[in-house]
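One-based numbering along the sequence shown.
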Amino acid sequence: MPETLKLRITDGKDLSVASALMQDCVVAAVDMAFDAKARRFALIGNRYRHEAAPGFFSRLVGAKGERVRTGFHLNDVTAATTKNIALGDPDAIGALLAIDAQAIDEAFEIVLTFAGGSSVRLKADCIDGLMNDLSEPWPAGARPNHD
(Lines give C-alpha, C1' and ligand atoms only; values in the text may rest on other atoms or scores of the structure.)
Protein backbone atom coordinates (compact mmCIF):
# COMPACT_ATOMS: atom_id res chain seq x y z
CA MET A 1 0.00 0.00 0.00
CA PRO A 2 1.49 3.40 -0.96
CA GLU A 3 1.91 5.94 1.79
CA THR A 4 -0.80 8.56 1.94
CA LEU A 5 0.40 12.10 1.78
CA LYS A 6 -0.47 14.58 4.53
CA LEU A 7 0.93 18.09 4.49
CA ARG A 8 0.41 20.80 7.09
CA ILE A 9 0.54 24.23 5.43
CA THR A 10 1.78 27.06 7.66
CA ASP A 11 3.67 29.41 5.33
CA GLY A 12 4.40 30.31 1.73
CA LYS A 13 6.99 27.56 1.30
CA ASP A 14 4.51 24.91 2.43
CA LEU A 15 1.92 26.37 0.07
CA SER A 16 4.44 26.13 -2.81
CA VAL A 17 4.96 22.44 -2.05
CA ALA A 18 1.19 21.91 -1.90
CA SER A 19 0.84 23.75 -5.22
CA ALA A 20 3.37 21.43 -6.89
CA LEU A 21 1.67 18.34 -5.48
CA MET A 22 -1.84 19.57 -6.37
CA GLN A 23 -0.92 20.55 -9.94
CA ASP A 24 -3.23 18.76 -12.38
CA CYS A 25 -5.75 17.93 -9.65
CA VAL A 26 -9.18 17.56 -11.28
CA VAL A 27 -11.79 19.34 -9.17
CA ALA A 28 -15.53 19.61 -9.64
CA ALA A 29 -16.87 23.03 -8.62
CA VAL A 30 -19.48 21.23 -6.53
CA ASP A 31 -16.55 19.88 -4.46
CA MET A 32 -15.27 23.38 -3.58
CA ALA A 33 -16.78 25.56 -0.87
CA PHE A 34 -16.15 28.68 1.16
CA ASP A 35 -17.73 28.70 4.62
CA ALA A 36 -17.67 32.36 5.69
CA LYS A 37 -18.84 31.59 9.22
CA ALA A 38 -16.12 28.96 9.78
CA ARG A 39 -13.65 31.09 7.76
CA ARG A 40 -12.60 28.04 5.74
CA PHE A 41 -12.16 27.28 2.05
CA ALA A 42 -12.06 23.59 1.15
CA LEU A 43 -11.94 21.38 -1.89
CA ILE A 44 -11.73 17.69 -2.70
CA GLY A 45 -10.31 16.52 -6.02
CA ASN A 46 -8.56 13.76 -7.92
CA ARG A 47 -4.86 14.57 -7.58
CA TYR A 48 -2.29 13.26 -10.05
CA ARG A 49 0.47 11.69 -7.94
CA HIS A 50 3.48 13.53 -9.39
CA GLU A 51 5.65 12.13 -6.60
CA ALA A 52 4.88 8.61 -7.87
CA ALA A 53 4.89 9.42 -11.61
CA PRO A 54 6.47 6.78 -13.81
CA GLY A 55 10.01 7.38 -14.96
CA PHE A 56 11.09 7.92 -18.54
CA PHE A 57 11.39 4.22 -19.45
CA SER A 58 8.07 3.33 -17.82
CA ARG A 59 6.38 6.04 -19.90
CA LEU A 60 7.84 4.49 -23.05
CA VAL A 61 5.80 1.35 -22.39
CA GLY A 62 2.64 3.34 -21.65
CA ALA A 63 2.59 3.79 -17.87
CA LYS A 64 0.28 6.72 -17.07
CA GLY A 65 0.75 7.12 -13.32
CA GLU A 66 -1.85 7.29 -10.59
CA ARG A 67 -4.51 9.54 -9.12
CA VAL A 68 -5.73 9.77 -5.55
CA ARG A 69 -8.69 11.52 -3.91
CA THR A 70 -7.24 14.46 -1.94
CA GLY A 71 -8.68 17.04 0.40
CA PHE A 72 -7.25 20.55 0.71
CA HIS A 73 -8.39 23.33 2.99
CA LEU A 74 -7.28 26.74 4.19
CA ASN A 75 -8.32 28.33 7.49
CA ASP A 76 -8.75 32.00 8.47
CA VAL A 77 -10.15 32.85 5.03
CA THR A 78 -12.15 36.06 5.15
CA ALA A 79 -13.34 36.31 1.54
CA ALA A 80 -13.55 34.27 -1.65
CA THR A 81 -14.20 35.44 -5.19
CA THR A 82 -14.24 33.43 -8.40
CA LYS A 83 -13.54 34.06 -12.07
CA ASN A 84 -15.17 31.91 -14.77
CA ILE A 85 -16.29 29.32 -12.21
CA ALA A 86 -19.11 29.20 -9.68
CA LEU A 87 -18.47 27.30 -6.47
CA GLY A 88 -21.03 24.52 -6.18
CA ASP A 89 -21.83 24.42 -9.92
CA PRO A 90 -22.61 20.73 -10.59
CA ASP A 91 -21.51 20.99 -14.24
CA ALA A 92 -18.15 22.77 -13.84
CA ILE A 93 -14.91 20.82 -13.64
CA GLY A 94 -11.43 22.31 -13.59
CA ALA A 95 -7.81 21.20 -13.64
CA LEU A 96 -5.83 23.00 -10.94
CA LEU A 97 -2.61 24.48 -12.29
CA ALA A 98 -1.18 26.41 -9.33
CA ILE A 99 -1.78 27.84 -5.88
CA ASP A 100 0.00 31.14 -5.26
CA ALA A 101 0.10 33.46 -2.26
CA GLN A 102 1.09 37.08 -1.91
CA ALA A 103 1.33 39.11 1.27
CA ILE A 104 -0.85 42.23 1.16
CA ASP A 105 -0.66 44.55 4.15
CA GLU A 106 -1.06 42.22 7.14
CA ALA A 107 -3.03 39.57 5.22
CA PHE A 108 -2.58 37.24 2.27
CA GLU A 109 -4.14 36.86 -1.15
CA ILE A 110 -4.16 33.23 -2.23
CA VAL A 111 -5.08 32.40 -5.82
CA LEU A 112 -5.99 28.96 -7.12
CA THR A 113 -5.53 29.04 -10.90
CA PHE A 114 -7.31 26.50 -13.11
CA ALA A 115 -6.83 25.59 -16.77
CA GLY A 116 -8.94 27.68 -19.12
CA GLY A 117 -8.62 30.92 -17.16
CA SER A 118 -10.77 30.07 -14.14
CA SER A 119 -9.60 31.03 -10.66
CA VAL A 120 -10.56 31.25 -7.01
CA ARG A 121 -9.13 34.24 -5.14
CA LEU A 122 -9.02 34.05 -1.35
CA LYS A 123 -8.22 36.64 1.28
CA ALA A 124 -6.81 35.17 4.47
CA ASP A 125 -5.42 36.48 7.74
CA CYS A 126 -2.60 33.91 7.58
CA ILE A 127 -1.50 30.82 5.70
CA ASP A 128 -2.88 27.86 7.62
CA GLY A 129 -4.15 24.71 5.98
CA LEU A 130 -3.92 21.01 5.32
CA MET A 131 -3.60 18.77 2.29
CA ASN A 132 -4.46 15.12 2.87
CA ASP A 133 -4.86 12.08 0.62
CA LEU A 134 -8.21 10.44 1.35
CA SER A 135 -8.20 7.25 -0.73
CA GLU A 136 -6.04 4.55 -2.18
CA PRO A 137 -4.51 5.53 -5.54
CA TRP A 138 -5.89 4.17 -8.80
CA PRO A 139 -4.41 4.05 -12.32
CA ALA A 140 -4.68 7.39 -14.11
CA GLY A 141 -6.54 7.43 -17.41
CA ALA A 142 -3.89 9.73 -18.88
CA ARG A 143 -0.70 11.50 -17.91
CA PRO A 144 -0.98 15.30 -17.71
CA ASN A 145 0.61 16.91 -20.75
CA HIS A 146 1.34 20.64 -20.64
CA ASP A 147 4.17 23.13 -20.22
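Between the side chain of Asp11 and the backbone N or O of Lys13, at least one donor-acceptor pair lies under 3.5 Å. Here the side chain of Asn84 pairs a donor or acceptor atom with the backbone of Gly117 at under 3.5 angstrom.
Partners of Ala18 according to the side chain to side chain contact (heavy atoms under 4.5 Å, CB included) rule, which considers only residues two or more places apart in sequence or in another chain, are Leu7, Ile9, Phe72, Met131. Not a single salt bridge (charged side-chain N to carboxylate O under 4.0 Å, His left out) links Asp14 to another residue, sequence neighbours left out. The side chain to side chain contact (heavy atoms under 4.5 Å, CB included) check on Asp100 picks up Ala98, with sequence neighbours excluded. In this structure, the side chain to side chain contact (heavy atoms under 4.5 Å, CB included) partners of Thr113, at least two apart in sequence or on a different chain, are Val111. Applying the salt bridge (charged side-chain N to carboxylate O under 4.0 Å, His left out) criterion to Arg121, with sequence neighbours excluded, gives Glu109.
Closest heavy-atom contact between Gly12 and Ile127: N-CD1, 3.8 Å. Between Ala140 and Arg67, the shortest heavy-atom distance links the atoms CB-CG, 4.1 Å. Here the shortest heavy-atom pairing between Ala52 and Glu66 reads CB-OE1, 4.1 Å. For Ile85 against Ser119, the heavy-atom pair with the smallest separation is CG2-O, 3.8 Å. Nearest heavy-atom pair, Pro90 versus Val30, reported as atom, atom and distance to 0.1 Å: CA-CB, 4.2 Å.
In this structure, CZ in Arg47 is found 4.5 Å from CG in Asp133, a value given to the nearest 0.5 Å. Rounding to the nearest 0.5 Å places CD of Glu51 at 5.5 Å from CG of Leu21. Atom NZ of Lys64 sits about 10.5 Å away from atom OH of Tyr48, to the nearest 0.5 Å. Once rounded to the nearest 0.5 Å, the distance linking CG of Leu97 with SG of Cys25 reads 11.0 Å. One finds the CG atom of Asn132 at 8.0 Å from the CG atom of Leu5 (value rounded to the nearest 0.5 Å). Annotation: the span from Leu134 atom CG to Thr70 atom OG1 amounts to 6.5 Å, rounded to 0.5 Å.
In the hydrophobic clustering of ILVMFWY residues, with side-chain heavy atoms under 4.5 Å counting as a link, Ile44 and Leu74 come out apart. If you chain together hydrophobic residues whose side chains sit under 4.5 Å apart, Val27 and Leu87 fall into the same group. Leu122 and Leu96 fall within the same hydrophobic cluster, defined by Ile, Leu, Val, Met, Phe, Trp and Tyr side-chain heavy atoms under 4.5 Å apart, directly or through other members. Residues Val68 and Val17 are members of separate hydrophobic clusters, defined by side-chain heavy-atom contacts under 4.5 angstrom among Ile, Leu, Val, Met, Phe, Trp and Tyr.
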Problem set entry | Stepwise side chain to side chain contact (heavy atoms under 4.5 Å, CB included) test for Val120 and Thr82 | CA-CA 4 Å; Val120 176; Thr82 61; 4.2 Å; yes

For this session: Decide side chain to side chain contact (heavy atoms under 4.5 Å, CB included) for Arg8 and Asp128; before the verdict, give the C-alpha distance in whole Å, the side-chain angles of both, and the deciding distance to 0.1 Å.
Result: CA-CA 8 Å; Arg8 180 90 168 109; Asp128 174 34; 2.8 Å; yes

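Looking only at side-chain heavy atoms (C-beta outward), Leu112 and Met32 stay at 4.5 Å or farther from each other.
Residue pairs meeting the side-chain hydrogen bond (donor to acceptor under 3.5 Å, both in side chains) criterion with at least one member in residues 31-40, sequence neighbours excluded: Asp31-Arg69, Arg39-Asp125, Arg40-His73, Arg40-Asn75.
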